[in-house]
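Just below is one structure, and these are the notes that go with it.
Computed from heavy atoms alone, side chains included, the values below leave out hydrogens, waters and symmetry copies.
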Amino acid sequence: MITVHKLDHNGKEKIAYNGELISRNDNEIVLEAIFKYGPMERDYATLKPGDRFVEHFYTDRWYNVFAIYEGELFKGWYCNITRPAKFEGDHLYADDLALDYFLQPNGKEFILDEEEFNALGLDSKESASARAALAELRHLAARQIHPFDSNHRA
């Protein structure tokens, strides 16, 4: 088991949860976690207790990507713009930068929480890195490149 610590942009813990390790290399760790909150109705998807998240975290990228399933039903990819993740033993730390991206299986995109992101007051370098991360996610998703390469398209 890996404990994921989701931190705010100042490094303060917002939430911690456990995930089961699926794979790990020098720059990526993939976990499976079960959603224990909600239900949460959103414009892009409804998240329910018991939903399965396959989570990709990176030490060299400014985002993480969660593939979300309700049983066999694929709901989409939820992506958090974050500072690169830090792995320390069986703990993973990710500084959330508020900006999010959701991609439905039919290809419809949602860019979320831009106002919250703008209100963080990040320096220009971090802000540019976060915006570049969003552009990279959209590029990978449009071309169905890992981790968007699974057969979940409608």
Side-chain angles (χ1 to χ4, degrees), residues 1-42 44-105 109-113 116-117 120 122 125-127 129-141 143-153:
M1 292 299 268
I2 301 291
T3 301
V4 176
H5 302 270
K6 182 178 179 180
L7 312 174
D8 69 12
H9 71 288
N10 290 317
K12 181 180 175 188
E13 187 167 285
K14 295 169 66 174
I15 191 170
Y17 61 93
N18 292 324
E20 186 175 327
L21 181 65
I22 295 174
S23 66
R24 182 177 186 166
N25 62 37
D26 290 342
N27 297 320
E28 180 182 19
I29 188 167
V30 182
L31 307 173
E32 179 179 79
I34 303 302
F35 191 70
K36 297 181 179 175
Y37 309 97
M40 298 171 67
E41 293 281 337
R42 300 292 187 252
Y44 50 86
T46 300
L47 305 178
K48 298 178 182 176
D51 283 354
R52 182 172 59 95
F53 285 50
V54 177
E55 305 181 352
H56 299 257
F57 293 90
Y58 304 93
T59 60
D60 60 348
R61 301 181 193 183
W62 283 68
Y63 55 81
N64 53 52
V65 178
F66 301 168
I68 304 171
Y69 302 85
E70 180 182 347
E72 295 300 314
L73 173 68
F74 179 66
K75 294 183 175 186
W77 290 273
Y78 192 97
C79 309
N80 296 288
I81 304 300
T82 67
R83 293 184 182 106
K86 296 176 188 140
F87 306 148
E88 296 176 7
D90 58 354
H91 294 267
L92 184 150
Y93 300 88
D95 298 345
D96 185 61
L97 300 178
L99 189 59
D100 298 312
Y101 173 70
F102 192 88
L103 180 68
Q104 293 178 334
E109 298 177 301
F110 296 81
I111 297 171
L112 309 165
D113 304 325
E116 288 178 47
F117 170 74
L120 295 180
L122 300 175
K125 184 178 178 182
E126 282 198 319
S127 182
S129 293
R131 292 279 179 199
L134 177 59
E136 181 178 340
L137 285 166
R138 295 182 77 196
H139 171 85
L140 295 173
R143 287 156 185 80
Q144 299 182 20
I145 298 170
H146 180 77
F148 301 98
D149 53 352
S150 52
N151 288 329
H152 298 302
R153 305 289 175 156

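Expressed to the nearest 0.5 Å, how far CZ of Phe117 lies from CG of Asp100 amounts to 11.0 Å. The CZ atom of Arg42 lies 7.0 Å from the CG atom of Leu47; values are rounded to the nearest 0.5 Å. Atoms CG and CZ, on Leu97 and Arg131 in that order, are 11.0 Å from each other to the nearest 0.5 Å. With rounding to the nearest 0.5 Å, the separation of NE2 in His5 from NZ in Lys14 is 15.0 Å. To the nearest 0.5 Å, atoms CG (Asp51) and OH (Tyr78) are separated by 14.0 Å. Atoms CG and CD1, from Leu103 and Ile68 in turn, are 11.0 Å apart once rounded to the nearest 0.5 Å.
With salt bridges taken as basic N to acidic carboxylate O contacts below 4.0 Å, one links Lys48 and Glu70.
Close placement of the Phe66 and Phe57 rings is indicated, their centers lying within 6.0 Å of each other. Two rings, from Phe148 and Trp77, have their centers less than 6.0 Å apart. Remark: aromatic rings of Tyr101 and Phe110 are distant, center separation not under 6.0 Å.
Crowding of Glu20 atom CD: a count of heavy atoms from other residues, nucleotides or ligands under 6.0 Å not exceeding 12. In this structure, Arg52 places its CZ atom where more than 12 heavy-atom neighbours from other residues, nucleotides or ligands lie under 6.0 Å away.
Of all the heavy atoms in Phe102 and Lys75, the pair that sits closest is CZ-O, 3.6 Å. Closest non-hydrogen pair, Thr59 versus Pro84, comes out as O-CB, 3.1 Å. His56 and His146 make their closest contact through CE1-CE1, 3.7 Å (heavy atoms, listed as atom of the first residue, atom of the second, distance). Considering every non-hydrogen atom in both Leu134 and Ile111, the closest pair reads CD2-CG2, 3.9 Å. Residue Gly11 comes nearest to Asp95 through the heavy atom pair CA-OD1, 4.5 Å, listed as atom of the first residue, atom of the second, then distance. When every heavy atom of Leu99 is checked against every heavy atom of Leu112, the shortest pair comes out as CD1-O, 3.5 Å.
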### Message
Does Val4 form a side-chain contact (heavy atoms from CB on, under 4.5 Å) with Asn18? I'd like the steps, not just the answer.
### Response
CA-CA 6 Å; Val4 176; Asn18 292 324; over 6 Å; no
### Task
Run the numbers on Glu136 and Trp62 for side-chain contact (heavy atoms from CB on, under 4.5 Å), then give the verdict.
CA-CA 10 Å; Glu136 181 178 340; Trp62 283 68; over 6 Å; no
#### Entry: From CA spacing to verdict: side-chain hydrogen bond (donor to acceptor under 3.5 Å, both in side chains), Asp96, Thr82
CA-CA 5 Å; Asp96 185 61; Thr82 67; over 6 Å; no
### Task
Go through Ile81 and Leu137 one step at a time and tell me if the side-chain contact (heavy atoms from CB on, under 4.5 Å) criterion holds.
CA-CA 9 Å; Ile81 304 300; Leu137 285 166; 3.7 Å; yes
### Task
For side-chain contact (heavy atoms from CB on, under 4.5 Å), just list the numbers for Leu7 and Lys12, CA-CA rounded to whole Å, side-chain angles, deciding distance to a tenth of an Å, and then say yes or no.
CA-CA 5 Å; Leu7 312 174; Lys12 181 180 175 188; over 6 Å; no
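Remark: side-chain polar atoms of Gln104 are paired, donor with acceptor, to backbone N or O of Tyr44 under 3.5 angstrom. The backbone N or O of Asn27 sits less than 3.5 Å from a side-chain atom of Asn25, completing a donor-acceptor pair. Checked by atom type and distance alone, the side chain of Arg83 pairs as donor or acceptor with a backbone atom of His9 at under 3.5 Å.
The aromatic rings of His91 and Tyr93 sit parallel to each other, their planes meeting at less than 30°, with 60° as the upper class boundary. In this structure, Tyr63 and Tyr58 have perpendicular ring planes: the angle between them is above 60°, well past the 30° mark.
A 4.5 Å side-chain heavy-atom check between Asp90 and Thr3 finds every atom pair outside the cut-off.
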